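For reference, the structure is listed below as structure tokens.
All figures in this text were calculated on a predicted structure; none of them were measured in a lab.
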Amino acid sequence: MYSRPGRLCLVLLVVLMAALPRAGSKEQPPPAPAKPKLVVLVVFDQFRGDYPQRWKDLYGEGGFQRLMKEGTWFSNCHYPYGITVTGAGHATLATGCEPYRHGIIENEWYDRETRALVYCAKMPQHRKVGAPPVKEPESKGENKITGYGSPERLLVPTLADAWKDKFADKAKVVSLSLKDRGCVFTGGRKPDACYWFDDKTGAFVTSTYYAGHVAPWVVEFNAPKPADAWFGKDWTRFRSDLDYQKCSGPDDQIGESNVEKLGRVFPHPLTGGLEKPGAKYYTALYTTPFANDLLLQFVKKAIVAEQLGQHEAPDLLCVSFSATDSVGHCWGPDSQEVLDTALRADAVLAEFLRYLDEKVGKGQYLLALSADHGVCPLPEISQQKGLPAVRMQPTELQKRAEEFLQEKFGPMSRGKYILEVSWPMIYLNHRALADRGLASEVEIALVGWLKQQKGILKAYTHHQLAARLPGGDGLGAALQKSFHPERSGDILILLQQYSYCSKYLTGTGHGTPHPYDTHVPLMVFGTGVKAEGQRQDRITPLAVPKILGYAVGVELPHATVEVPSGLFVPVAP
Ligand SMILES: [Zn+2]
């Protein structure tokens with residue numbers, strides 16, 4: 001029996017259902033959101049998902065706070081896959097699917113066909129355009145990556161590709177960043193402009209994949225050498241009124257790096273140790289928040305020169321600010337430098353929004369802001385907190401793993417058991433193993449050995465990841481989403497939480513399925529977006545291109561997630 005209020009509800013439900021379209025009748029499609037003139041994807045590289053909340057009260061009103069209040073802020077957004085690096089993150093934001101489908105499993109991997117390490121955003125046949133090549137010092141024994149920027153290693157189309165397919169010359173696609181892998185994937189296969197910062201010359205460049213020469217506005221921008229403006233200056237704290245120690249931590253912390261003579265503490269001198277601007281200075285600049293300021297200047301120039309927001313169909317602008325990443329790698333997420341860079345990122349964002357208001361119009365553009373990955377604390381800081389964090393180096397691990405295999409299976413007459421370690425993947429020497437009649441027993445033995453090493457939680461064979469993993473192995477399932485049978489190694493290593501592996505003995509990074517690496521912000525703002533404020537429902541950045549495409553009717557066939565319900569204010573057709 002229904003109670004009296006229950007019966008009333010039932011009556012109301014029946015009335016409501018009668019008002020709904022009947023099954024089989026012609027259903028009305030849901031009303032489309034209002035159309036923006038310009039759609040903007042903003043990525044802050046390595047801007048971890050807790051940074052907006054952590055320093056919420058320190059941000060100004062026009063930047064992150066504006067997006068949080070006037071838009072929708074998804075504070076529980078995580079990448080669903082295991083190898084959380086820049087190439088993979090940007091390719092995911094570009095395609096709406098995971099690395100096992102879009103193919104960008106890592107920044108680099110070993111290509112068995114060409115027997116060389118390959119880089120996700122370069123192809124060997126392309127060359128730099130827009131600045132003279134600079135001869136780099138020969139690195140002995142290292143597998144050298146050749147070529148220049150290109151999205152050709154992507155295995156599926158991007159939002160930008162679908163954009164150009166739908167609108168052709170009626171809309172422009174522009175993708176800009178400080179690093180190539182920050183813009184080549186989001187720009188897709190046929191952008192109208194795709195440029196990044198060349199830290200050898202300080203110029204914004206492109207590659208022969210896109211064009212034989214840079215656009216006149218890029219020549220004009222590069223001519224007065226705007227990157228040189230910070231030469232000889234110091235990077236000091238953005239907010240002299242703020243107690244940085246209280247808001248982040250001590251200035252000098254064990255484990256911090258010293259990149260190009262920037263030093264570990266404020267003020268950071270910006271010369272790269274040079275008398276006049278050169279490659280070391282540009283690398284130093286790239287490791288300060290001023291590189292984001294430089295990119296914003298370039299973005300403003302692009303908005304005007306490419307007349308973004310003024311075409312027959314909506315334009316697409318993708319911008320990835322990379323300095324948050326280089327600073328985070330150098331000093332770690334709990335440093336005063338990362339706090340300072342976050343505050344300056346907020347100012348960059350505020351100025352970017354103000355400029356879009358002026359040039360495109362308030363409410364006339366749709367913007368999504370996210371990051372490509374988070375970051376692990378400096379292992380030494382975790383150790384001080386009593387956490388079992390280990391700092392390790394891939395070359396050292398490779399040496400010991402090789403010794404273990406030689407001891408167990410006998411010395412090799414030629415070559416080694418391990419062909420290449422492209423962290424966190426190990427590629428075995430298949431030919432030599434076959435010569436000796438060895439196969440999966442080597443993988444299994446190596447996995448067993450790896451699991452006993454400090455800092456390593458688990459290791460998986462190619463075979464395991466290509467098949468179904470036992471239920472309950474969430475981290476393994478995440479690694480599977482970063483696994484591609486032809487590109488991935490024979491063994492994938494999963495680090496323990498707070499442990500970090502890189503060729504450097506200082507600094508930190510990312511690349512695991514642990515929450516500090518997967519957690520990123522996602523803020524959506526502008527045309528048709530509800531001013532919903534913070535939403536805590538779990539979401540992945542795979543939704544980003546889907547949201548941006550939906551707003552202008554661009555279909556994304558490879559996207560595996562839906563537009564979050566209730567994000568847009570419906571508009572009657
Ligand atoms: Zn990154």
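Using a 4.5 Å heavy-atom cutoff, the side chains of Phe185 and Ile104 are in contact. Taking 4.5 Å as the limit, some side-chain heavy atom of Leu270 sits within range of a side-chain heavy atom of Tyr281. Looking only at side-chain heavy atoms (C-beta outward), Ile539 and Asn76 stay at 4.5 Å or farther from each other. For the pair Asn107/Cys120, a side-chain contact is recorded, criterion being any heavy-atom separation below 4.5 Å from C-beta on. Within the 4.5 Å cutoff, side-chain heavy atoms of Glu152 are placed close to those of Gln125. Residues Tyr209 and Arg189 form a side-chain contact, since some pair of their non-hydrogen atoms from C-beta on lies under 4.5 Å apart. Using a 4.5 Å heavy-atom cutoff, the side chains of Trp423 and Leu495 are in contact.
Judged by distance alone, with hydrogens and angles left aside, the side-chain atoms of Gln496 form no donor-acceptor pair with the main-chain N or O of Leu457 at under 3.5 Å. No donor-acceptor pair under 3.5 Å is formed between the side chain of Glu260 and the backbone N or O of Lys280. A distance-only check finds a donor-acceptor pair linking the side chain of Thr206 to the backbone of Cys194 [under 3.5 Å]. A donor-acceptor pair is defined here as one N or O able to donate and one able to accept, closer than 3.5 Å; no such pair exists between the side chain of Glu98 and the backbone of Tyr79. Side-chain N or O atoms of Arg468 include none that pairs as donor or acceptor with a backbone N or O of Leu465 at under 3.5 Å. Looking at Arg538, its side chain never comes within 3.5 Å of a backbone N or O of His78 through a donor-acceptor pair. Remark: the backbone N or O of Gly188 is not paired with any side-chain donor or acceptor of Asp161 at under 3.5 angstrom. Of the possible polar contacts, one joining the Glu441 side chain to the Ala439 backbone as a donor-acceptor pair under 3.5 Å is found. Between the Arg48 side chain and the Val375 main chain, a donor and an acceptor come within less than 3.5 Å of each other. Using a distance-only test at 3.5 Å, with no hydrogens or angles considered, a donor-acceptor pair links the side chain of Arg436 to the main chain of Phe409.
Separation of atoms NE2 (His510) and CD (Gln46) is listed at 5.0 Å; rounding is to 0.5 Å. Annotation: the span from Thr395 atom OG1 to Arg400 atom CZ amounts to 10.5 Å, rounded to 0.5 Å. To the nearest 0.5 Å, the span separating CD1 on Ile547 from CG on Leu159 amounts to 11.0 Å. Distance CZ/Phe44 to OH/Tyr51: 13.0 Å, rounded to 0.5 Å. Atom CD1 in Ile491 sits 5.0 Å away from atom CG in Leu428 (nearest 0.5 Å). Separating the CD atom in Gln336 from the CZ atom in Phe266 is a distance of 6.5 Å, to the nearest 0.5 Å.
Considering Arg181, Arg153, Glu108 as possible partners of Tyr119, the one that fulfils the side-chain hydrogen bond (donor to acceptor under 3.5 Å, both in side chains) test is Arg181. Between Tyr417 and the options Leu446, Val442, Ile426, a side-chain contact (heavy atoms from CB on, under 4.5 Å) holds for only Val442. Exactly one residue among Phe298, Tyr195, Tyr282 makes a ring-ring contact (aromatic ring centres under 6.0 Å, His included) with Phe204. That residue is Phe298. When the options Ile254, Thr508, Thr506 are evaluated for a side-chain contact (heavy atoms from CB on, under 4.5 Å) with Glu380, the one that passes is Ile254.
Side-chain polar atoms of His102 and Thr92 form a donor-acceptor pair below 3.5 angstrom. In summary, the side chains of Tyr244 and Asp251 do not present any donor paired with an acceptor at a separation below 3.5 Å, with no hydrogens or angles considered.
Between Arg101 and Leu155 the shortest heavy-atom distance is O-CB, 3.7 Å. Between Cys376 and Ser499, the closest heavy-atom pair is SG-O, 4.2 Å. Shortest non-hydrogen contact noted between Ala445 and Phe404 is O-CE2, 3.6 Å. Between Cys247 and Trp55 the shortest heavy-atom distance is O-NE1, 3.1 Å. Closest of all the heavy-atom pairs between Gly130 and Ala203 is O-CB, 4.4 Å. Nearest heavy atoms, Trp331 versus Ser257: NE1-O, 4.0 Å.
Counting heavy-atom neighbours within 6.0 Å of Lys190 NZ, excluding the residue itself, gives a total above 12. Around atom CG of Leu387, more than 12 heavy atoms belonging to other residues, nucleotides or ligands sit under 6.0 Å away. The neighbour count for Glu562 CD, taken as heavy atoms of other residues, nucleotides or ligands under 6.0 Å away, does not exceed 12. The number of heavy-atom neighbours closer than 6.0 Å to NE2 of His430, taken from other residues, nucleotides and ligands shown, is above 12.
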Can Leu475 and Lys458 be said to form a side-chain contact (heavy atoms from CB on, under 4.5 Å), step by step? CA-CA 9 Å; Leu475 294 173; Lys458 279 182 180 181; over 6 Å; no
Before you tell me yes or no, could you show the steps for His90 and Ser320 under side chain to side chain donor-acceptor pair (under 3.5 Å), namely the whole-Å CA-CA distance, both residues' side-chain angles and the distance that decides it to 0.1 Å? CA-CA 9 Å; His90 283 86; Ser320 180; 2.8 Å; yes
Phe47/Val42 under side-chain contact (heavy atoms from CB on, under 4.5 Å): CA gap, chis, key distance, verdict: CA-CA 11 Å; Phe47 201 80; Val42 179; over 6 Å; no
Test salt bridge (Lys or Arg N to Asp or Glu O under 4.0 Å) applied to Asp180 and Lys128, step by step: CA-CA 11 Å; Asp180 51 7; Lys128 189 192 292 185; over 6 Å; no
Go through Tyr498 and Ile381 one step at a time and tell me if the side-chain contact (heavy atoms from CB on, under 4.5 Å) criterion holds. CA-CA 10 Å; Tyr498 302 109; Ile381 292 183; over 6 Å; no
Under the criterion side-chain contact (heavy atoms from CB on, under 4.5 Å), I'd like the reasoning laid out for Leu117 against Glu420: C-alpha separation, chi angles, the key distance, then a yes or no. CA-CA 9 Å; Leu117 268 184; Glu420 189 70 58; 4.0 Å; yes
Evaluation steps, side chain to side chain donor-acceptor pair (under 3.5 Å), between Glu402 and Gln406: CA-CA 6 Å; Glu402 181 69 31; Gln406 301 245 358; 2.8 Å; yes
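Under a 4.0 Å N-O distance rule, the pair Asp490/Arg112 qualifies as a salt bridge. Contact check on Lys179 versus Asp45 returns a salt bridge, with a Lys/Arg side-chain nitrogen under 4.0 Å from an Asp/Glu carboxylate oxygen. With respect to the salt-bridge test (charged N to carboxylate O, under 4.0 angstrom), the residues Arg431 and Asp435 do not qualify.
The aromatic ring centroids of Tyr148 and Trp196 lie less than 6.0 Å from each other. Checked against the 6.0 Å centroid criterion, the rings of His462 and Phe483 qualify as a close aromatic pair.
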